[in-house]
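Convention: sequence-line order gives letters A, B, ...; per-chain numbering from 1.
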2 protein chains.
Amino acid sequence: MTDFAATRGMFDLPDGVIYLDGNSLGPLPRSAPGRMDGVMVEEWGKLLITGWNKAGWMARSVALGDRIARLIGAEPGHVVVGDTLSIKVYQALAAALEMNPDRKVILSDTGNFPSDLYIAEGLIGSLKQGHELRTVAPEDVEAAITDEVAVLMITEVDYGTGRLHDMKALTEKAHAHGVVTVWDLAHTAGATEVKLAACNADFAVGCTYKYLNGGPGSPAFIYVAPRHADTARPALAGWLGHDAPFAFEQTYRPHAGIERMRVGTPPVLAMAALDAALDIWDGVDMAALRRRSVELTSLFIDEVEAACPMLTLASPRAADRRGSQVSFRFADGYAAMQALIARGVIGDFRAPDIMRFGFAPLYIDEGDVRQAVAILSDVMGNRLWDRPEYKTRAAVT
Amino acid sequence: MTDFAATRGMFDLPDGVIYLDGNSLGPLPRSAPGRMDGVMVEEWGKLLITGWNKAGWMARSVALGDRIARLIGAEPGHVVVGDTLSIKVYQALAAALEMNPDRKVILSDTGNFPSDLYIAEGLIGSLKQGHELRTVAPEDVEAAITDEVAVLMITEVDYGTGRLHDMKALTEKAHAHGVVTVWDLAHTAGATEVKLAACNADFAVGCTYKYLNGGPGSPAFIYVAPRHADTARPALAGWLGHDAPFAFEQTYRPHAGIERMRVGTPPVLAMAALDAALDIWDGVDMAALRRRSVELTSLFIDEVEAACPMLTLASPRAADRRGSQVSFRFADGYAAMQALIARGVIGDFRAPDIMRFGFAPLYIDEGDVRQAVAILSDVMGNRLWDRPEYKTRAAVT
């Protein structure tokens with residue numbers, strides 16, 4: 001039985017703020033600054049270079065990966081932490097493409113992160129092997145899986161609408177057509193009950209700074225299914241993925257298993273904050289988290305639709321087709337979101353007209369939902385979004 | 001006039017330790033824990049997602065790059081921070097190869113970091129375009145620069161011996177033969193007076209956790225010469241390198257200049273420590289640093305050769321051919337280094353027989369050198385390295 005009142009107490013949220021943007025950047029775990037200070041002062045400061053052994057820095061990428069593995073339904077020992085999500089997408093996609101050398105189509109959808117599509121474009125441009133990035137509408141993905149496709153590269157939850165793809169069904173159809181799958185879990189790890197092993201996924205990647213609360217720019221993770229772990233070729237063949245990094249051999253020999261997906265020297269300080277954030281997850285049952293998430297997003301939809309008729313639901317109404325975020329369309333959505341933020345309700349905006357609200361059960365409860373709706377109702381009903389001060393756009397939305 | 005006594009006071013070094021391993025991991029700047037705590041508690045904790053704008057997180061990769069630019073003789077605005085050194089080597093090498101599409105040879109040397117060679121191997125394996133990694137002895141590099149070579153990929157200072165390549169001469173010869181250059185500055189940034197612009201280098205990369213003291217696993221940097229900055233193609237085409245990352249366009253359009261070499265979400269926490277470390281550098285004149293470094297390494301060589309006849313100098317004797325480290329060969333070097341570390345002199349060991357000592361003028365002075373030699377003399381003269389407790393090897397050396 002997960003105690004969500006207890007997990008809420010483990011975060012340091014500012015007074016007067018209802019934070020519905022954990023899908024962009026999770027809040028500060030109370031234990032993170034102390035953990036970081038310990039790593040900096042007691043480990044880096046006192047152990048210096050010997051910290052790599054004595055403080056276990058070198059093994060932390062795998063240790064953190066194991067803690068994330070449980071949260072995404074992966075087999076232990078098959079997730080490793082490091083780099084950024086973009087880098088991990090590149091690694092997974094490059095390795096997956098090589099498993100289907102005679103096929104040239106990378107299938108994705110318009111609901112994927114643009115960044116994932118950019119990474120695919122960049123890889124295609126380097127390879128010069130005639131690959132094609134084929135991007136279809138999210139609802140057309142299943143039909144577009146054919147024997148022509150080399151890799152299906154999909155983000156499980158659409159960052160704009162919160163639409164949740166059916167990982168199991170798409171992976172099954174992909175495998176029936178000989179297609180290798182790469183799943184981006186950026187908006188599902190820590191937000192839904194991901195079941196990588198049960199869905200037979202091939203590769204998966206994700207970030208840790210959204211629902212996992214690892215801090216701004218915290219490292220990413222990558223999963224490689226056990227059946228591929230000893231054969232997938234790391235395109236980014238860095239020394240930490242070598243079988244014997246400290247033998248300083250002149251030739252690359254990949255490490256067995258997931259460790260070959262390590263690249264460079266691990267980010268020890270960033271991993272300290274992530275380590276503290278993952279402590280909170282150790283007590284969380286993911287099925288309970290998913291139930292709680294559905295309760296919160298469903299309540300929000302019901303209440304907003306009753307109170308704010310100007311807003312149009314952009315997320316799927318069926319809870320089982322939705323991640324842990326709710327999006328509404330509104331032509332002046334940017335200004336409306338600024339008006340909301342000025343009143344302590346922090347969500348965010350995605351062009352052209354999407355107001356996004358993320359619900360992280362670890363620190364958001366029903367009281368927050370009702371209060372956020374009351375403030376949103378005030379902003380909409382009293383046309384507060386129509387004030388000029390809310391219409392100037394910042395660089396980062 | 002750089003005040004090296006003052007810079008020494010800006011580091012928190014443990015009592016009783018003479019730290020001659022700043023070429024592996026620089027020590028903790030006194031201001032770093034406080035800076036980090038501020039970013040975590042005041043920025044991440046209180047600003048949450050708005051920190052990207054309000055705290056300037058998004059612009060920090062370029063701001064830190066500019067501070068590093070001065071230290072390596074680069075034009076302002078042409079260095080950016082992020083990822084790991086391995087990733088930046090991959091980006092630079094991939095971009096450089098595309099500038100010479102009709103040539104297939106990557107020239108490097110056996111004194112390069114194995115990791116750089118691994119990255120080249122991985123890239124070649126992905127491209128399947130018939131590239132060859134040609135690795136010659138360091139002294140044979142100049143002669144091996146021919147019209148057949150696409151890219152010269154060299155680490156300026158050999159991590160084993162401290163041998164310093166002549167960047168100006170090699171770059172000149174490379175350009176005379178139409179070869180694009182990629183310089184790895186891991187052991188020169190913050191250690192010697194690097195002059196990228198004056199040497200007409202094409203690409204350069206480096207790490208910040210060695211002589212720059214950014215902390216374990218702190219982010220890397222990349223330099224692209226102004227003449228290539230708007231044309232080099234980023235193989236790792238992440239969203240932060242896009243011309244308009246927050247427009248969420250479906251197609252990649254590289255940013256003008258160095259920013260295209262950004263990849264994923266920047267590591268804000270790690271950059272906080274690096275920012276504090278770079279404060280120390282702001283007062284340092286690089287020519288003065290180089291003079292001080294030569295004084296320290298020359299003194300060390302003279303004293304060790306006088307006191308420890310069992311040790312054989314592995315570094316160049318000529319100061320202008322040497323970085324800021326000194327290496328000695330000794331068959332039982334691993335055990336001897338363990339005996340030294342047990343007595344507070346921290347250097348490191350590289351197989352098969354290299355004892356390495358790094359001299360960072362920011363916090364090492366002549367008194368340290370003399371005391372380190374006295375302890376080394378005791379270890380060697382009294383055969384302390386022959387004790388069994390020093391012969392068990394740790395995972396990380």
Between [X] and chain A, with a heavy-atom cut-off of 4.5 Å, which part of the residue counts as in contact: side chain, backbone, both or neither?
| X | answer |
| --- | --- |
| B:Ala235 | both |
| B:Glu98 | side chain |
| B:Val17 | side chain |
| B:Arg253 | neither |
| B:Tyr209 | side chain |
| B:Tyr19 | side chain |
| B:Met40 | both |
| B:Leu117 | side chain |
| B:Pro266 | backbone |
| B:Thr135 | side chain |
| B:Ser218 | neither |
| B:Thr84 | side chain |

Point to revise | Non-hydrogen side-chain atoms of B:Asp83 and B:Pro219 separated by less than 4.5 Å | key: no
Practice item. State, with a plain yes or no, whether a side-chain heavy atom of B:Val268 is found less than 4.5 Å away from one of B:Trp52. Key: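 Yes, their side chains come closer than 4.5 Å.
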For [X], is it the side chain, the backbone, both, or neither that has a heavy atom closer than 4.5 Å to a heavy atom of chain B?
| X | result |
| --- | --- |
| A:Asn213 | backbone |
| A:Phe11 | neither |
| A:Ala32 | both |

Check your understanding: With a 4.0 Å cut-off, would you call B:Asp275 and B:Arg35 a salt bridge?
Key ->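 Yes, charged N to carboxylate O under 4.0 Å.
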**Study point:** Option in A:Leu269, A:Asn112, A:Val39, A:Ile346 with maximal non-hydrogen atom pairs under 4.5 Å from chain B
**Key:**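 Heavy-atom pairs under 4.5 Å are most numerous for A:Leu269.
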Review point. Highest number of heavy-atom pairs under 4.5 Å with chain B: which of A:Ile87, A:Ile341, A:Asp12?
Key: A:Ile87
Practice item. Would you confirm whether A:Arg260, through its side chain, and A:Leu240, through its main-chain N or O, come within 3.5 Å as a donor-acceptor pair? Key: no
Point to revise | Top contributor to chain A interface from B:Leu48, B:Asp116, B:Leu123 [non-hydrogen pairs under 4.5 Å] | key: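 That would be B:Leu48.
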